[in-house]
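Since the model is a prediction, treat every value here as computed from it, not as a measurement. Numbers restart at 1 for each chain; the letters A, B, ... are given by sequence-line order, proteins then strands.
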Amino acid sequence: MSLHVRPILSALMRNRTGAVLVAMQIAIALAVLVNALYIVVQRAEKMGRPSGIDVDNVMVVASAGFTDRFQTVPSIQDDLGWLRSLPGVVAASVTGSVPLSDGGNNNPLVTRPGAHPTDNFNALEIDEHGLAALGVRLIAGRNFTHDEIQPPLTKSDSSRFVPEIIVSRALGERLFPGQNPLGKRVYDSLDQAATIVGVVDPIIGNFPSNDHPDWVYFLPRYPFAFGGPLNYVVRTQPGQRAALMRVVEAHMAKSNPDRVIDYVRPLNYFRDLTYLSDRAMEIYLITVTTLLIAVTCLGIFALATFNVSTRTKQIGTRRAVGARRRDIVRYFLVENGLITSAGVVVGCALALGAGYWLSIAYALPRLNLYYLVGGVLLLWGIGQLAAWQPARRAAAVSPSVATRTV
Amino acid sequence: MLGYYVRLALKSFGRNPGITTLMVLAIALGIAVCVMTLTVYHAMSGNPIWWKNDRLYAVTMDNWDPKQAYSKKSTLPPPEMTYKDTQVLFRSDVPVRKVMMYATDGVISGVGTVPSERAQTRVTTADFFAMFEVPFLYGNGWGAAADSPAQPVIVLSRDENEKLFGGANSVGRTLRWNDHEFRIVGVLDDWYPRPRYYDLNGGQFNPPEKAFIPYGWGAELELLNNEETDCWKPEKLDTFKDFMASDCVWIQMWVELPSRSSRERMQSFMDGYWAEQHRAGRFQRPRDNRLTNVGNWLRDNKVVDTDNRVLVGLAFAFLAVCLINTVGLLLAKFLNGAPISGVRRALGASRRQIFTQHLIEVGALSVLGALLGMGLAALGLAAVRHLYASAHLYHRGGYQELMHFDVTGVIWAVVLALAATLAAGLYPAWRIGRLPPALYLKSQ
C-alpha cells in the first residue's frame, strides 16, 4: 500500500509556514525532553544510592560546651550512658560530624610511609557503638572494641593518629586494588600507621555530592571537642524516634549547664537538605518538560483542527471524486508524520548539541543514544495522537460539501 | 481608531474561544517559567556590592602543594589564606581599608532569663563594617585599636538583638560570649547580602553571622574556623601556635584599593613578599598573587551553579516553543479571517491599517498572557519557596530568601511578555496585511 507521500508533500510545500512552525516546536521539544530526562535519571540515581545508614531511625544531637569548666570526656560518657539507658534506643555514639550533611573532615591516607598523598578521604570519628548507631553493615573483619577508643585530640595534642581503622569497601579497593584490605597498614600525612581491622559496605559518608562519597574511614576516637559542637548519633526502634527526640531535648538541655544543646534533629533533615537542589532540579525539569510537551501537543492539535476546517471544501471534493474516509484520515496522519519527522531530524541535532554542552558543563558521560531513540518514538506517537481527532473530523466531511459554494 | 481596533480584537477572540484560550495559556506559561527561572538566577548571580566592584578585592596567594593544585578542577589558588601571610600583608598601608577574618563557634549567655544559645560568630578586624557598608541600627563597630590587644567588645545582628533584648537598644550592655564578658558596642540593621560574597564558605546564601568580635580574640582564645580549613603540608600541629604558623589556609582577606595606582602598589607588595618567601623555600608553585574584585570572586567560586544555567536555557527553550506555538495559531487564525480583511481592504483600509489592527489584537493577547503569566509565576515561586521552606525547617534564610518576587522582576516580566508576543505577532500580522484582497472577494 502506498502512502501517496508525493502529493501530500507538494501540498505541504505550497503552504509551509504552519508546518515549519510545528516542526520547530517538535525539534525543541525533542531536544529538551531527551536532555531533561537524562539529567532527571542522573539525579534519581544519585539520590537513590543506598547510604548504608538507617536514616529513618537516627537522630542527631549537637552539644556545644562553652565554659572552661566543660570537660569533654566525662560529658560524653555521661550523655552516652544516659542515652543508652533510654528504652527504645538501639545504639548511641558520639561523632565529630554529621553523616550525609555535606560537612566534615577529609584527610589523606597512603599505603607506604612517605608516599605523596593524592586524595583525601572522608574521616569520621566514632566509638565502639558507632556502626550500630548508624546502622552500617560490617562485611568483613571486626568492630572497634571499647578499649580501642582513643581520647579526643586537644589543642596541645592535635596530630595524633589511631592504631586501628575501619574502611569502606570502596576505600579498601581504592587503597589496595584487588586485595583484601583487612590487616593492611595505612599511614597519615605524618607517617603514623594504622591497621585496617574492618570493612563496611555500603556507605555514603559526609559528602554525598563528592565524586567518591563512598571513600570513607572510621577512627576509634572521641571527637575533636573544640571548633564546633560534639554530635551524638542515636538510633531508635522504628517509629519511636519522634517521641524520643522530645525526651532527649528536654533532658539534655538541662543536664549540663556548661554546654548548650544546639539542636536535636532527625538525620533525614541533613540528607534532605544535602539533596535539596537535586530534588528541586528534578521537580522543575519534570514539570517544565511535561508542560512543554503538552503545549506542543495542543499546538499540533489546534493547527490540525484549523487546517481541517479551512480545507473542508477540498476534503469534500476529494470525497466526491472517490476518496474513502480512511484515505482522508491517512492523508492527515501522513501529513503530520512528515512534519514530525522533519522536526525530529532537526531535533536530534539540537538534542545532541545540547547534550554535548551539558556533558561538558556537568562533566558527565555523553548523552545515551537510547534516550534519543525513546524521545523520537514518543514525539512521533504524540504527534500522531494529536492529529488523530482532527483527522477523524476531516473524514466525517460529507462529499456533498463539494457541491456547495461556501 | 484604537478603540475600534481593540473592539475588533475582542470580537475576534470571541470567534475562536478555544484557540484564543490556548494562545493566552501558551504565552502565560512561557512567561511564568521564564520569570521564575530568571528571578532565581538574578538573585544568585547578583553582585550585592556592585558599586564597589572597582575598589573591593579579595586577596589570595597560591601557597599550595608544589605537586598538586588546591583544587582538582581548577588551577586557582586556595580561596583562603594562611594566618602568617595575612599578618604580613595586613601591615601594608596601601589599602584604605583592609580586613582579616573567619567564622567561629560561639555561645551567648548571661542575658537575663534568655537561654544560652549557640551563635555563629565572625572574628574580624575593625574595617569590616565600613568596608562592606554594613548598616547599623544602634551604635557602631569598634576601632582598630580594639583588634589587638583584643578588647571585649561585640556587635550583634538585628535578629540576635531581637532575641536577646527584644529589639531594644542594647549598646553599653554586657553579655557572655563563650563565657567571657563582652560589652555590646553596636547592633546591625537588617543586612542580608545575597550571595554572602564576603565569605562564601559555610553556605553561599546563608545569612551573615549573629555576632562579630575583634580579630585578636582568635589568637587569645584559640578560636578555630568552623567553616573551612584546608591543609596540605605534612607538618606537626600540636598547639594553636603551630597552627597559626602552619601552611593551613583558613583566613579571608579583603582590601579596599580606591585607584589603579594603589592596586598596582598592592600587587607589587604581594609580589615582593612572594619573591622573598619563594627564595626562602615557600610558595613553590607558579606565582599567582591575586586581587579579585567581587564580580570575579563570585564567578571563580562558582556561585551560580550549572543547574541554574541549564534552567535558564530550559526556560528560554520553553518560551520559544510557546511563542512558536502562538505564531502558528495566530497565523492560522488570521488567515482564516482573511475574507473579512479582504472586504475591509476593498472598502478602503490600507495594508498598514490592516497590519496595525492585527498587531493590536496581538497586543491584547499579550497583555492577557502577561497578566496570567504573572499570576502563574507568583504561584510557581510560592511552590518553590514552599519546597525550600519545608527542607529548611530549622532556620531562616538560605535559598528560600531568593524566591522573592521583586518589583524589578515584575517589570521585567511585563516587558518580556509584551516584547516577546509582539515579536511573535509581527509575522502573522504582516502576512495578513499583504494578502491580495481580490482573491477573497471573488469567492464570496
Option in B:D179, B:V327, B:N325 with maximal non-hydrogen atom pairs under 4.5 Å from chain A: B:N325

Can you tell me which portion of B:L221 sits under 4.5 Å from chain A's heavy atoms? Options are side chain, backbone, both or neither. backbone

Please identify, among B:T306, B:T239, B:N178, the residue contributing the most non-hydrogen atom pairs under 4.5 Å to chain A. B:T306

Test side-chain contact (heavy atoms from CB on, under 4.5 Å) on A:D119 and B:K72 and set out the steps. CA-CA 10 Å; A:D119 281 301; B:K72 287 196 170 172; 2.2 Å; yes

Who wins among A:N105, A:V20, A:V260, A:N35 for the most heavy-atom pairs under 4.5 Å with chain B? A:V260

Using the disulfide bond (SG atoms under 2.5 Å apart) criterion, which residues pair with B:C231? Sequence neighbours excluded. B:C248

Sort B:R176 into side chain, backbone, both or neither according to what part of it lies under 4.5 angstrom from a heavy atom of chain A. neither

Tell me, side chain or backbone of A:N107 under 4.5 Å from chain B's heavy atoms, or both, or neither? neither

Where does B:N308 contact chain A at under 4.5 Å (heavy atoms): side chain, backbone, both or neither? neither

Residues B:K236, B:D238: salt bridge by 4.0 Å N-O rule: yes

Grab the two heavy atoms, one from B:L329 and one from A:A302, that are nearest each other, plus how far apart they are. CD2-CB, 3.4 Å

What part of A:P117 gets within 4.5 angstrom of chain B, counting heavy atoms only: side chain, backbone, both, or neither? backbone

Taking the six-membered ring for Trp, are A:Y263 and A:F270 ring centroids under 6.0 Å apart? yes

Using heavy-atom distances under 4.5 Å, tell me whether B:I324 contacts chain A through its side chain, its backbone, both, or neither. both

Donor-acceptor contact present, side-chain A:T289 to main-chain A:I286, <3.5 Å: no

Any carboxylate oxygen within less than 4.0 angstrom of a Lys/Arg side-chain nitrogen, looking at A:D272 and A:R279? no

Which bit of B:E227 is near chain A, if near means a heavy-atom gap under 4.5 Å: side chain, backbone, both or neither? neither

So which part of A:I39 gets closer than 4.5 Å to some heavy atom of chain B, the side chain, the backbone, both or neither? side chain

Against chain A, label B:K233 side chain, backbone, both or neither, depending on which of its atoms sit under 4.5 Å from a heavy atom there. neither

Who wins among A:D278, A:V288, A:N120 for the most heavy-atom pairs under 4.5 Å with chain B? A:V288

Max heavy-atom pair count under 4.5 Å with chain A, selected residue of B:S116, B:G328, B:A383: B:S116

Main-chain N/O of B:N226 paired with B:Q120 side-chain donor or acceptor, under 3.5 Å: no

Side chain / backbone / both / neither for A:L358 at chain B, heavy atoms under 4.5 Å: side chain

Pairing residues for A:D157 by the side-chain hydrogen bond (donor to acceptor under 3.5 Å, both in side chains) criterion, not counting sequence neighbours: A:R160

What part of B:F243 gets within 4.5 angstrom of chain A, counting heavy atoms only: side chain, backbone, both, or neither? neither

Per-residue contact mode, A:V32 against chain B (heavy atom under 4.5 angstrom): side chain

Distance check, rounded to the nearest 0.5 Å: B:K67 atom NZ versus B:Q284 atom CD? 12.0 Å

Structural part of B:M36 lying under 4.5 Å from a heavy atom of chain A: both

Which bit of B:T37 comes within less than 4.5 Å of chain A, counting heavy atoms only: side chain, backbone, both or neither? both

How far does CG of B:L25 sit from SG of B:C322, to the nearest 0.5 angstrom? 8.5 Å

Using modelled atom types and a 3.5 Å cut-off, is there a donor and acceptor pairing between side-chain atoms of A:N206 and backbone atoms of A:S101? no

Once rounded to the nearest 0.5 Å, what's the spacing between atom CH2 of B:W64 and atom CG of B:D247? 8.5 Å

For chain A, the option from B:L22, B:V107, B:D307, B:L29 that forms the most heavy-atom pairs under 4.5 Å: B:D307

Find out whether the Lys NZ or Arg CZ of A:R43 is both under 6.0 angstrom from the six-membered ring centre of A:Y362 and within 45° of the ring's axis. yes

Side chain, backbone, both or neither of B:Q68 within contact of chain A (heavy atoms, under 4.5 Å): side chain

Proximity breakdown for A:I283 and chain B, heavy-atom pairs closer than 4.5 Å: side chain

At a 4.5 Å cut-off on heavy atoms, which part of B:K241 comes close to chain A: side chain, backbone, both, or neither? neither

Do B:Y102 and B:T229 have side-chain atoms, one donor and one acceptor, less than 3.5 Å apart? no

Heavy-atom pair count under 4.5 Å with chain B, highest-scoring of A:T118, A:D262, A:D68: A:D262

Counting only non-hydrogen atoms closer than 4.5 Å, does B:L237 touch chain A with its backbone (N, CA, C, O), its side chain (CB onward), both, or neither? both

